[in-house]
Amino acid sequence: MAGGRLRIYLGAAPGVGKTYAMLEEGQRLAAAGADVVVGFVEPHGRRPTAALTEGLEVVPRCTVEYRGTTFTEMDLAAVLARRPQVALVDELAHTDVPGFRHAKRWQDVEELLDAGIDVVTTLNVQHLASLGDVVRQITGVPQRETLPDEVARRADQIELVDLPPELLRRRMLHGEIYPSERIEAALTHYFRIGNLTALRELALLWLADRVEEGLQRYRAEHGITTPWETRERIVVALTGGPEGETLIRRAARVTARIPGSELLALHVVPGDGLVHGHQATLDAQRALVESLGGSYHQTTGDDVPEALLQFAEAENVTQIVLGASRRGRLSTFLRGGVGHRTIQRSGPIDVLVVTHEHAAGSLPALRLPHPSRATGPRRFWTAMLLAAVALPALTVLLVLLGEHVDLGLALVLYLLAVVAIALIGGVVPALLAALAAGLLADYRFTPPLHSLRVERLADILTLVVYVVTAVIVGTAAGAAARRTYQAVRASSEARALSRLATAMMHGQDLPALLEQVREDLGLDAVSLLERDTRHAAEPRWYVVASTGSDPPERPYDADVESPAGDSLTLAARGHTLSGDDQRVLGVCAAQLGMAYSHGRLAAHDAETGLRAAAEHTRASLLLTASRDLRDPLCSAEEALHHLRTPADAQQARALDTARSSVRRAGRLVTDLDELSRLHAGALDLYLRPVDLDEVLTAVLDALGPGHALQCSLPEHVPDVIADAAVLTRVLTALAAEAQRHSPADRPARLTAQVRPGVLEIRVTDGNGEAAEGAAPGPDRGRSPESLALRLSRDLAEVMGGTLETAVRGGGFAVRLTLPTAAVRTAAAGAPED
């Protein structure tokens, strides 16, 4: 039996109309004669949405008991027994109540699809698992209900339900999404303009990627290889030469002018797997591409244009950016440049050839022979010395043999010498040796002797054939020697790096890793140095680890160094390293830097874990102690109340003092409990616009008789965003603390001042000294804070405000700053009706 089809209505945020669109589709299908049932729909109290269920068969929900609470879920068994053609199931990412048939609703939907039932469902983009960290970074809200992206990718149809952020916020203000008590909090937090715009972009980009996947699948199934210009994809071809940076920046400028275009960079590695060009240059160009928002790729192929065009066809590339050839006109004429051959074969793909300062001029550049980077300078000069010694010595030997040697035998022996020189030193010494041997054979063994003049045609042909053969054989032997040397070199580098990686995996310490690097590169001493970034004017270096005799303690004490991180460098002392060895040292430095950073992170994690465990233990002990002390303190206060005797005034005053102390101890225990709950994240807050006048009335009631508070407020005080109960608690604690520092004849003072976007509330003692002589500020280290002040500060910060204190010379002053409701809404971009 064929499986059912899945259709998803995707939205960027709640309230865009996904459920409404799903029910409209259900009504349309039912009107067309399809058997449609409502498996599960949650209208969230929205009447227009609930009205669309009329006329559709609704499968009753099942009831589940969990922890003493009754929940309703979709009755999967009933829907399967009903076997409709189409089932409407809302909220695909929903988590089912424990004890239900499946843990997630998408698993219920998959069972319906397996039974051959088509499913129409809804999904918000923030519930996709791959976007969870991005959504949390944007909104600050972690998503507990997530859906594997693969489930959504398997959908037969995905339709975006979209609303502009301004319209969505207007719907929120009109009460079409959330109830009235949740509107203000939603507008000032999750439903801000920036959040909604970012979520909308995420939804559009994710859906665009799915459309692109479908297009590529269609092209592959139908064998379509020619590019379809659905959007511009520009690939820049990199050779590892110095012109690469110019090409990348030019391609990036072209990409920036075309909205929705994509930048790619490609380096073609020859079929032998050996990277041509400077690896360090390629690494720098890769970093540049990625910094400009592009992606870097490598492919293998002996024919560069063919490999480039195959990649372009596979990636649906529309433009190729190439650099003008660095080869001379003669070389280009004989073989044809990469750009010319790419243009001939590109078909519908546009090819842009960019000139640069490294392009070849009208004449080929004259380059003198130099030691090959592949074989090394030692082997090069050894081969040159061998040619200078062996060819004359062979000539003398052949002359001594006299008439037993003719031109043919001499040329064969010379060819053997050329091959040997090529195997040692490469192509350049072999070519020079072949020409020199040809001249020696002409001078000593071709009539007329002791002259470079050749009279017989047969001798001319013999010499020409010899030179051509020697050049071909010497070139081939030199190339083979070069490839062999490179392969051996690459193998040794791979072994060295593999050994280092294996040692790192086995957890060896840094000195052992440095010793391995020292042995592999034949150095005398190696040090890993760290720079103290706190002294930028005069940098100081510290030795993290070292090995060998007399290791360098500063980078300028070393013979060679390589950066290992932002503030790390690997310094070595010994012989001068070749370019290849320096590249290996750079890779080793990067690995050692990573090992050091991982070690520090592991140590920090372990330390953090110990601190967290200690903090948890401390919090548990404080919570237990506060709970154990609460009952004895209540009993003590009640006993003191019964012991009071009005006949004895002195005893009555003593009992009142004792009762006051017991009550204060009870408040401290309560504050300690609240502080523990706050730090444990167990304190629930309900932030909404709060009238300060109502809060102050509750504060005065809480202070009780005998605790006067002089209030001075402006005529129009805006509402503040806060939790009313928590704000009452904070102001009560601050007023009590101020009264404690006040003289008996002067009450504590509370004043308020409206500033742009915030309301500033100042609480001072009756003297007013702290307010005048020491303005509240962040410098609060001169006097220890009370527990009430500490709790008040933490509660204020949780509500989005700040609390600054100053307790000096017996004076007391605090400044509580809270955001105002009107300005917060305007700042979020609330639309005006």
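Just so it is clear, the values below take in all heavy atoms, side chains as well, and ignore hydrogens, waters and symmetry mates. Note that this is a predicted model, so its numbers are computed, not measured.
- Under the salt bridge (Lys or Arg N to Asp or Glu O under 4.0 Å) criterion, Arg7 pairs with Glu25, Glu159, sequence neighbours left out.
- Residue Asp723 holds its CG atom at 11.5 Å from CZ of Arg729, rounded to the nearest 0.5 Å.
- Using a 4.5 Å heavy-atom threshold, the side chains of Val37 and Gln85 count as separate.
- The side-chain heavy atoms of Val36 and Pro84, taken from C-beta on, include no pair separated by under 4.5 Å.
- For the atom pair Glu91 CD and Phe40 CZ, the distance stands at 6.0 Å (nearest 0.5 Å).
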message: side-chain contact (heavy atoms from CB on, under 4.5 Å) for Val161 and Leu10? Distances and angles first, verdict last.
response: CA-CA 6 Å; Val161 182; Leu10 178 69; over 6 Å; no
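- Expressed to the nearest 0.5 Å, how far CG of Leu23 lies from CG of Leu56 amounts to 7.0 Å.
- The heavy-atom pair separating Leu123 from Lys18 by the smallest distance is O-CD, 3.3 Å.
- Between Glu73 and Thr95, the closest heavy-atom pair is OE2-O, 4.1 Å.
- Between Glu262 and Ile234 the shortest side-chain heavy-atom distance does not fall below 4.5 Å.
- Under the salt bridge (Lys or Arg N to Asp or Glu O under 4.0 Å) criterion, the residue pairs touching residues 284-301 are Arg286-Glu290, with sequence neighbours excluded.
- Taking all atoms of both residues into account, the shortest heavy-atom contact from Ile320 to Val317 is CG1-CG1, 4.3 Å.
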task: Would you please test Ile193 and Arg169 for side-chain contact (heavy atoms from CB on, under 4.5 Å) and show each step?
output: CA-CA 8 Å; Ile193 287 288; Arg169 286 173 55 85; 3.5 Å; yes
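- Note on Glu57 versus Arg82: salt bridge recorded, some NZ/NE/NH1/NH2 to OD/OE distance being below 4.0 Å.
- Under 4.0 Å is where a charged nitrogen must lie from a carboxylate oxygen, and between Arg101 and Asp108 no such pair does.
- For the pairing with Val321, the side chain to side chain contact (heavy atoms under 4.5 Å, CB included) check across Val236, Ile248, Leu263, Leu264 returns one residue only, Val236.
- Of the N and O atoms on the side chains of Thr299 and His297, not one donor lies less than 3.5 Å from an acceptor on the other residue.
- By the salt bridge (Lys or Arg N to Asp or Glu O under 4.0 Å) test, Glu201 is found to be paired with no residue, residues two or more places apart in sequence or in another chain being considered.
- Under 4.0 Å is where a charged nitrogen must lie from a carboxylate oxygen, and between Glu110 and Arg105 no such pair does.
- For the pair Val151/Pro148, a side-chain contact is recorded, criterion being any heavy-atom separation below 4.5 Å from C-beta on.
- Taking OG1 of Thr63 as the start and CZ of Phe71 as the end, the distance is 11.5 Å to the nearest 0.5 Å.
- Interatomic distance, Leu52 CG to Glu24 CD, rounded to the nearest 0.5 Å: 6.0 Å.
- Salt-bridge annotation for Lys104 and Glu145: absent, with no side-chain N of the basic residue lying under 4.0 Å from a carboxylate O of the acidic one.
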- prompt: What do the steps show when you test Leu168 against Leu196 for side-chain contact (heavy atoms from CB on, under 4.5 Å), and what is the final call?
  reply: CA-CA 9 Å; Leu168 186 58; Leu196 296 177; 3.8 Å; yes
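- If you check the side chains of His94 and Glu42, you find no donor sitting under 3.5 Å from an acceptor.
- Considering all non-hydrogen atoms of both residues, Leu238 and Ala265 come closest at CD1-CB, 4.0 Å.
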- prompt: Can you check side-chain contact (heavy atoms from CB on, under 4.5 Å) on Arg200 and Asp162, steps first, answer last?
  reply: CA-CA 8 Å; Arg200 189 185 189 196; Asp162 186 39; 2.8 Å; yes
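- Residues Val89 and Val120 have side chains not in contact (no heavy-atom distance under 4.5 Å, counting atoms from C-beta outward).
- Remark: the backbone N or O of Arg233 is not paired with any side-chain donor or acceptor of Gln319 at under 3.5 angstrom.
- The side-chain contact (heavy atoms from CB on, under 4.5 Å) check on Ala203 picks up Ala12, Val125, Leu160, with sequence neighbours excluded.
- Counting only distance, with no hydrogens or angles, the side chain of Asp118 and the backbone of Gly4 share no donor-acceptor pair below 3.5 Å.
- Take His102 and apply the ring pair (Phe, Tyr, Trp, His ring centres under 6.0 Å) test, not counting sequence neighbours, and it matches no residue.
- Residues Tyr296 and Gln285 form no side-chain contact, since every pair of their non-hydrogen atoms from C-beta on lies 4.5 Å or further apart.
- Put simply, CG on Leu818 and CD1 on Ile721 are 10.0 Å apart, with the number rounded to the nearest 0.5 Å.
- No more than 12 heavy atoms of other residues, nucleotides or ligands lie within 6.0 Å of CZ in Arg136, so this atom counts as exposed by the packing criterion.
- Closest non-hydrogen pair, Ala115 versus Leu80, comes out as CB-CD2, 3.8 Å.
- Trp106 has its side chain out of reach of Thr121: every pair of non-hydrogen atoms, C-beta onward, lies at least 4.5 Å apart.
- Heavy atoms only, all atoms of each residue included: Val64 and Pro98 are closest at CG1-O, 4.2 Å.
- Looking at residues two or more places apart in sequence or on another chain, you find no salt bridge (Lys or Arg N to Asp or Glu O under 4.0 Å) involving Asp149.
- In this structure, Gln107 and Glu111 have side chains that are not in contact, with every pair of non-hydrogen atoms separated by 4.5 Å or more.
- Not one N or O on the side chain of Thr49 forms a donor-acceptor pair closer than 3.5 Å with the backbone of Tyr20.
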